[in-house]
Amino acid sequence: PEDPVFPELVQLTVKTVGQIQGEICKVDFWRDPPSRQALEQTVNNELRWCRVAGRRVFQNTRELATRIVDLAYRRRRFLVE
């Protein structure tokens, strides 16, 4: 049987990538620390709210959100095509 977490993670990934793409396409996004912090908070909230069978999927969501936004910065050329 398929892991019940998998469909939830796919949906979360698609939603999060879309949110990131929507934010980073703004002019000078990466030069504006409050914008980056807001994006990290948005990603953090999405990770915290991700639940399967009433249980949280992720722990340490703040650190994970920071890493996701850092990865978005490094892959920004691919995300804004």
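It should be emphasised that the depicted structure is a prediction, and the values quoted were computed from it without experimental measurement.
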OG1 of Thr61 to CZ of Arg56: how many Å apart, nearest 0.5 Å? 5.5 Å
Asn44-Glu40 side chain donor-acceptor pair, cut-off 3.5 Å: no
Please confirm whether the backbone N or O of Tyr73 pairs with a side-chain atom of Arg76, one donor and one acceptor, at under 3.5 Å? yes
Closest heavy-atom pair and its distance - Glu23, Phe29: O-CD1, 3.4 Å
Does CZ in Arg51 sit with more than 12 non-hydrogen atoms of other residues, nucleotides or ligands closer than 6.0 Å? yes
Measuring only between side-chain heavy atoms, which start at C-beta, is Leu39 closer than 4.5 Å to Ile24? yes
Any non-hydrogen side-chain atom of Ile20 less than 4.5 Å from a side-chain atom of Ile68? yes
Backbone of Leu79 reached by a side-chain donor or acceptor of Gln21 within 3.5 Å: yes
Euclidean distance, Leu12 CG relative to Lys15 NZ, rounded to 0.5 Å: 8.0 Å
As an exercise, state the distance from OG1 of Thr16 to CD of Gln11, rounded to the nearest 0.5 Å. 10.0 Å
Are any non-hydrogen side-chain atoms of Gln41 and Glu46 less than 4.5 angstrom apart? no
Please determine whether residues Leu47 and Leu71 belong to a single hydrophobic cluster, defined as Ile, Leu, Val, Met, Phe, Trp and Tyr linked transitively by side-chain heavy-atom distances below 4.5 Å. no
Contact list for residues 35-58, test ring pair (Phe, Tyr, Trp, His ring centres under 6.0 Å), sequence neighbours left out: none
For a 4.5 angstrom cut-off between non-hydrogen side-chain atoms, does Glu8 reach Cys50? yes
